[in-house]
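Remember, it's 1-based here, ligands and their atoms both numbered in the order they're listed.
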Amino acid sequence: MSYDIAVLPGDGIGPETVRETLRVLDATADAFGFSLTVQRYPFGGNAIDTHGDPFPEHVRTAVKAADAVLKGAVGGPQWDAGPVRPEMGLLALRAELQVFANIRPVRRWTTRTSSPLKPELAEGIDMVILRELTGGLYFGPKELDDEHGLDTCAYTRPEVERIARRAFELARTRRRRLCSVDKMNVLSSSKLWRAVVIDIAADYPDVELSHQLADSMAMKLVEQPAAYDVIVTENMFGDILSDLAASVGGGIGLAPSSSVGVGRPGLYEAIHGSAPDIAGQGIANPTATILSAAMMLRDLGESAAADAVETSVIRLLNEGPVTPDLGGKATTEEFGAAVVDAVRTAAEVISR
Ligand code: NAD
Ligand code: IPM
Ligand code: MN
């Protein structure tokens with residue numbers, strides 16, 4: 001099989017983490033007997049610099065035609081003052097691909113990580129945050145002038161229904177527990193959210209459903225993160241809670257994501273940002289982007305290859321040299337090279 005991958009390296013540490021991920025993908029394709037055609041495109045801040053647009057027209061056409069889109073983080077302080085921000089390109093990309101379901105798995109990938117929690121609390125963390133990605137506060141009507149700023153959190157029943165169904169389906173492939181997070185004590189959009197989730201639950205009697213208000217969910221994720229299986233929530237709550245969850249799971253440098261809609265292409269990106277504070281130093285942790293690429297391989301149907309990448313990364317996080325965010329001294333490149341070796345070894349073992 002052959003797959004067309006549109007790659008958006010991005011800004012800051014984006015290109016650094018994507019470079020290692022492409023090395024891993026190359027070696028994986030080679031070892032597992034499929035091929036990847038990789039095309040790189042300007043996107044985000046770099047595209048503002050070269051094209052005056054974070055998401056140029058030719059990139060729009062290319063991502064829609066690809067089998068999958070692999071993306072590095074975008075943004076940085078150099079674009080803060082401009083009329084158009086790199087992040088606007090990202091929202092337009094998600095809308096263009098109609099990837100309304102953002103899957104953010106958080107696990108305790110390694111016992112060596114610097115989870116800020118006591119080990120006994122971090123033990124057993126294994127959840128998926130399903131974040132609604134193309135609606136809510138990010139996409140409602142907006143206004144801004146010098147005296148007034150407005151964002152609107154709006155949802156329709158069909159928008160909540162489709163993400164709720166995904167959440168119940170996902171829970172069925174896991175421990176069959178779903179927690180829906182909202183703020184129905186205050187927000188109308190959340191009242192609708194909760195009512196719709198309860199309606200959809202009737203079709204999934206085998207899944208245990210609970211509800212949690214977003215503020216106390218932040219507390220629960222710190223106090224008992226291992227209690228959660230699948231969490232489904234609105235775009236903005238999901239953004240905030242997934243950084244929190246990633247941190248308690250062992251660090252933001254580890255947390256991958258896939259974003260899917262109906263059919264292809266899916267979008268695969270780390271949940272972390274462009275980390276301007278460490279960009280250019282060659283020390284960013286590429287794990288989150290590599291694990292996002294593993295999610296991509298699984299969605300493309302290359303599940304043996306996806307498993308090999310994932311198990312290789314987990315083994316190295318536990319046993320190999322790690323990057324400074326995890327207390328090690330490895331560079332981005334050294335970690336990437338170690339994953340390449342580990343995937344090749346895993347493929348040899350499988351083929352024996
Ligand atoms: P950030 O995630 O970039 O950084 C937060 C902290 O985590 C920093 O200390 C950083 O060094 C560290 N960190 C993040 N990823 C790391 C990695 N892979 N390895 C080691 N350390 C890592 O968040 P921020 O500073 O709030 O945002 C910076 C920029 O990134 C902003 O412009 C923001 O809009 C953008 N951003 C983009 C995306 C995306 O493109 N998907 C996601 C989040 C933020
Ligand atoms: C993320 C990021 C983005 C978001 C920004 C960069 C627009 O924080 O992917 O989590 O808020 O969705
Ligand atoms: Mn975020």
Applied to residues 203-230, the ring-ring contact (aromatic ring centres under 6.0 Å, His included) test, sequence neighbours excluded, yields Phe168-Tyr204
Salt bridge present between [X] and [Y] (N-O < 4.0 angstrom):
X	Y	result
Asp307	Arg298	yes
Asp239	Arg131	yes
Arg264	Asp299	no
Glu20	Arg23	yes

With a 4.5 Å cut-off on side-chain heavy atoms, are [Y] and [X] touching?
X	Y	value
Leu93	Leu8	yes
Phe237	Ser190	yes
Tyr155	Leu137	no

Closest heavy-atom pair, Ala227 versus Arg177, reported as atoms and distance to 0.1 Å, is O-NH2, 2.8 Å
In short, Ile13 meets Ala275 closest at the heavy-atom pair CD1-CB, 3.7 Å
Apply side chain to side chain contact (heavy atoms under 4.5 Å, CB included) to residues Val262 and Arg162 and explain how you reach the verdict. CA-CA 10 Å; Val262 179; Arg162 64 185 183 176; over 6 Å; no
Check: Among the clusters formed by ILVMFWY side chains lying less than 4.5 Å apart, do Val207 and Leu130 turn up in the same one?
Finding: yes
Within one Ile-Leu-Val-Met-Phe-Trp-Tyr cluster: Leu91 and Leu97, side-chain cutoff 4.5 Å: no
Once you restrict both partners to nitrogen or oxygen, which atoms of ligand 1 have a protein partner under 3.5 Å, and how far apart are they?
| from | atom 1 | to | atom 2 | distance (Å) |
| --- | --- | --- | --- | --- |
| ligand 1 | 2 (O) | Gly273 | N | 2.7 |
| ligand 1 | 3 (O) | Gly273 | N | 3.4 |
| ligand 1 | 3 (O) | Ser274 | N | 3.3 |
| ligand 1 | 3 (O) | Ala275 | N | 2.8 |
| ligand 1 | 9 (O) | Asp277 | OD2 | 2.7 |
| ligand 1 | 11 (O) | Asp277 | OD1 | 2.8 |
| ligand 1 | 11 (O) | Asp277 | OD2 | 3.0 |
| ligand 1 | 15 (N) | His272 | ND1 | 3.4 |
| ligand 1 | 18 (N) | His272 | NE2 | 3.2 |
| ligand 1 | 18 (N) | Asn285 | O | 2.9 |
| ligand 1 | 19 (N) | Asn285 | N | 2.9 |
| ligand 1 | 30 (O) | Ser274 | N | 3.0 |
| ligand 1 | 30 (O) | Ser274 | OG | 3.2 |
| ligand 1 | 32 (O) | Gly76 | N | 3.4 |
| ligand 1 | 32 (O) | Glu87 | OE2 | 2.9 |
| ligand 1 | 34 (O) | Glu87 | OE2 | 2.4 |
| ligand 1 | 40 (O) | Lys71 | NZ | 2.9 |
| ligand 1 | 40 (O) | Val74 | N | 2.9 |
| ligand 1 | 41 (N) | Lys71 | NZ | 3.3 |
| ligand 1 | 41 (N) | Glu269 | OE1 | 3.0 |

Report all N/O contacts between ligand 2 and the protein shorter than 3.5 Å as a table of atom names and distances to 0.1 Å; if there are none, say 'none'.
| from | atom 1 | to | atom 2 | distance (Å) |
| --- | --- | --- | --- | --- |
| ligand 2 | 8 (O) | Asp239 | OD1 | 3.3 |
| ligand 2 | 9 (O) | Arg94 | NH2 | 2.7 |
| ligand 2 | 9 (O) | Arg104 | NH2 | 3.1 |
| ligand 2 | 10 (O) | Arg104 | NH1 | 3.4 |
| ligand 2 | 10 (O) | Arg104 | NH2 | 3.0 |
| ligand 2 | 10 (O) | Arg131 | NH1 | 3.4 |
| ligand 2 | 10 (O) | Asp239 | OD1 | 2.9 |
| ligand 2 | 11 (O) | Tyr138 | OH | 2.5 |
| ligand 2 | 12 (O) | Arg94 | NH1 | 2.7 |
| ligand 2 | 12 (O) | Arg131 | NH1 | 3.2 |
| ligand 2 | 12 (O) | Arg131 | NH2 | 2.8 |

What lies under 2.8 Å from the Mn ion (ligand 3), restricted to protein N/O/S atoms, is Asp239 OD1
